Amino acid sequence: MSGSAQPPEDDDLLQRLRCFHTDYFPQYRERFRELVDQGQHPSTLFIGCSDSRLVPYLLTGAGPGELFIVRNVGALVPPADGLSGLHGTAAAIEFAVLNLKVRHIVVCGHSHCGAMRALYGETPDEAVHLKAWLDMAREAALPVRLSEEALRRTEQRAVVLQLERLMAYPMVRRRVEAGALFLHGWHYVIEDGQVHVFDVERGCFVPAVEAGHSGTGPYKAFEEPDWLDLGAGRAAGDN
Ligand SMILES: [Zn+2]
């Protein structure tokens, strides 16, 4: 097979693959060589929603080898007990912490999240996996009618819920308590281009321009602030 054949004009993906090889890869050839020879040593596990508007490399300015990324619908962390089935995300958490020994775990939700919105509506019957998956986020839903404000709060509550779930993974808790791993809860507001960082001391999300740090730092037992009201959400989720 020769590489000189013209790609069909309507095959945009093939054109992009060629473009990567000719235009982008040469600039990073040595970096990729290094990453192959020395292996990857990413500092951060990034758990983000699959939404196409959330672009981890743009948000963090990271390049090749810096982020170990797992994305799923809603940026959810499955319960550590494994009772809810086999989950690639749980496997990624174990691998990132035990093998790669990442220093940071970011959970990144975002504004206008379709997954969080879906908690307030109907999911097609055929979407059996999606329905079961979203059940893991029901605790974050509020017992109110959907509004922009309710959606924003749900998105942020979901991020906090995933941080709590992360702490139930033994290897995560152990390393966090040893000061070797830091958790970060982020909510990205697409239209503002700004990440709001969960501040565990203040119990709220703070815009990055005002935040004193990028995450929760060494974990402290999380005390639920009034506005978060996970209790009400939990009750609603059980209904
Ligand atoms: Zn989303």
Side-chain angles (χ1 to χ4, degrees), residues 44-60 62 67 69-79 84 87-90 92-93 104-124 126-166 183-200 203-208 211 214-216 222 224-225 227-230 232-234 236-237 239:
T44 303
L45 165 62
F46 187 100
I47 302 172
C49 184
S50 299
D51 193 292
S52 62
R53 299 162 296 183
L54 174 61
V55 188
Y57 293 103
L58 284 180
L59 291 187
T60 62
L67 299 177
I69 297 182
V70 58
R71 301 180 67 167
N72 62 51
V73 173
L76 305 183
V77 170
S84 48
H87 287 306
T89 300
I93 292 165
H104 306 272
I105 301 180
V106 171
V107 174
C108 189
H110 64 97
S111 60
H112 311 284
C113 181
M116 297 302 127
R117 184 177 291 276
L119 295 173
Y120 294 88
E122 292 292 313
T123 310
E126 196 181 1
V128 287
H129 296 92
L130 179 59
K131 198 172 282 201
W133 180 255
L134 289 176
D135 277 346
M136 291 199 301
R138 297 223 182 266
E139 283 181 52
L142 293 159
V144 297
R145 189 186 294 266
L146 181 63
S147 65
E148 286 307 309
E149 170 64 17
L151 183 59
R152 183 68 51 98
R153 287 180 60 196
T154 304
E155 290 158 357
Q156 295 186 343
R157 285 158 52 86
V159 169
V160 177
L161 184 64
Q162 310 320 309
L163 294 179
E164 291 181 339
R165 291 223 181 106
L166 275 173
L183 304 187
H184 308 253
W186 293 357
H187 180 258
Y188 172 50
V189 181
I190 297 170
E191 59 273 39
D192 295 344
Q194 174 135 267
V195 169
H196 293 230
V197 174
F198 182 62
D199 185 325
V200 75
C204 64
F205 283 79
V206 182
S214 64
T216 57
F222 175 60
E224 193 173 303
W227 68 269
L228 198 64
D229 198 18
L230 280 168
R234 281 188 173 123
N239 287 339

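What you see is a predicted model, and the numbers here were worked out from it, not measured in a lab.
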TODO: Taking the side chain as every heavy atom from C-beta outward, state whether H184 and V197 have any atom pair closer than 4.5 Å.
DONE: no
Task: pair L54-W186: side-chain heavy atoms closer than 4.5 Å - done: no
Task: Any side-chain heavy-atom pair of D192 and S111 under 4.5 Å - done: no
- [ ] Quick one: closest heavy-atom pair of A75 and C49, and the distance?
- [x] CB-N, 3.3 Å
Task: Gap between atom CZ of R71 and atom OG of S52 - 0.5 Å precision - done: 8.5 Å
Task: Basic-acidic side-chain contact under 4.0 Å: E126, K131 - done: no
Task: Value rounded to 0.5 Å, distance of SG in C113 from CD in Q156 - done: 12.5 Å
Task: Closest non-hydrogen atom pair between F46 and C108, with its separation - done: CZ-CB, 3.5 Å
Task: Minimum heavy-atom distance A141-T154, with the two atoms named - done: CA-CG2, 4.0 Å
Open item on the list: Please report the interatomic distance OG1(T89) to CG(N72), rounded to the nearest 0.5 Å.
Closed with: 4.0 Å
- [ ] Return yes if some donor-acceptor pair links the side-chain N/O of Y188 with the main-chain N/O of P56 below 3.5 Å, else return no.
- [x] no
Open item on the list: What verdict does the side-chain contact (heavy atoms from CB on, under 4.5 Å) test give for F198 and V107, after you've listed the backbone C-alpha separation in whole Å, the side-chain angles of each residue and the deciding distance to 0.1 Å?
Closed with: CA-CA 10 Å; F198 182 62; V107 174; over 6 Å; no
- [ ] Could you check if a side-chain atom of R152 sits within less than 4.5 angstrom of a side-chain atom of V189, using non-hydrogen atoms only?
- [x] yes
TODO: Nearest 0.5 Å please: distance from the CD1 atom of I47 over to the CZ atom of R165.
DONE: 11.5 Å
TODO: Might you point out which heavy atoms bring G109 and V159 nearest each other, and give the distance in Å?
DONE: N-CG2, 3.8 Å
TODO: Kindly indicate, with the supporting measurements, whether the criterion side-chain contact (heavy atoms from CB on, under 4.5 Å) is fulfilled by L166 and I93.
DONE: CA-CA 8 Å; L166 275 173; I93 292 165; 3.8 Å; yes
Open item on the list: Taking CD in E191 as the centre, count heavy atoms belonging to other residues, nucleotides or ligands within less than 6.0 Å. Is the count above 12?
Closed with: yes
Task: Spatial distance of atom CD (E155) from atom NE2 (H112) [nearest 0.5 Å] - done: 7.5 Å
- [ ] Please round to the nearest 0.5 Å and tell me the distance separating atom CD1 of I69 and atom OH of Y57.
- [x] 3.5 Å
Task: Shortest non-hydrogen contact between M136 and L161, atoms and distance - done: O-CD2, 4.1 Å
Open item on the list: Is the shortest side-chain heavy-atom distance between V106 and T44 below 4.5 Å?
Closed with: yes
TODO: Assign the ring pair H87 / W133 to parallel, tilted or perpendicular, where the plane angle (0 to 90°) is split at 30° and 60°.
DONE: perpendicular
Task: Nearest heavy atoms of V73 and A115, plus distance in Å - done: CG1-CB, 3.6 Å
Open item on the list: In terms of relative ring orientation, are H196 and H187 parallel, tilted or perpendicular, with 30° and 60° separating the classes?
Closed with: perpendicular
- [ ] Would you check if the side chain of E164 reaches a backbone N or O of V160 as a donor-acceptor pair within less than 3.5 Å?
- [x] no
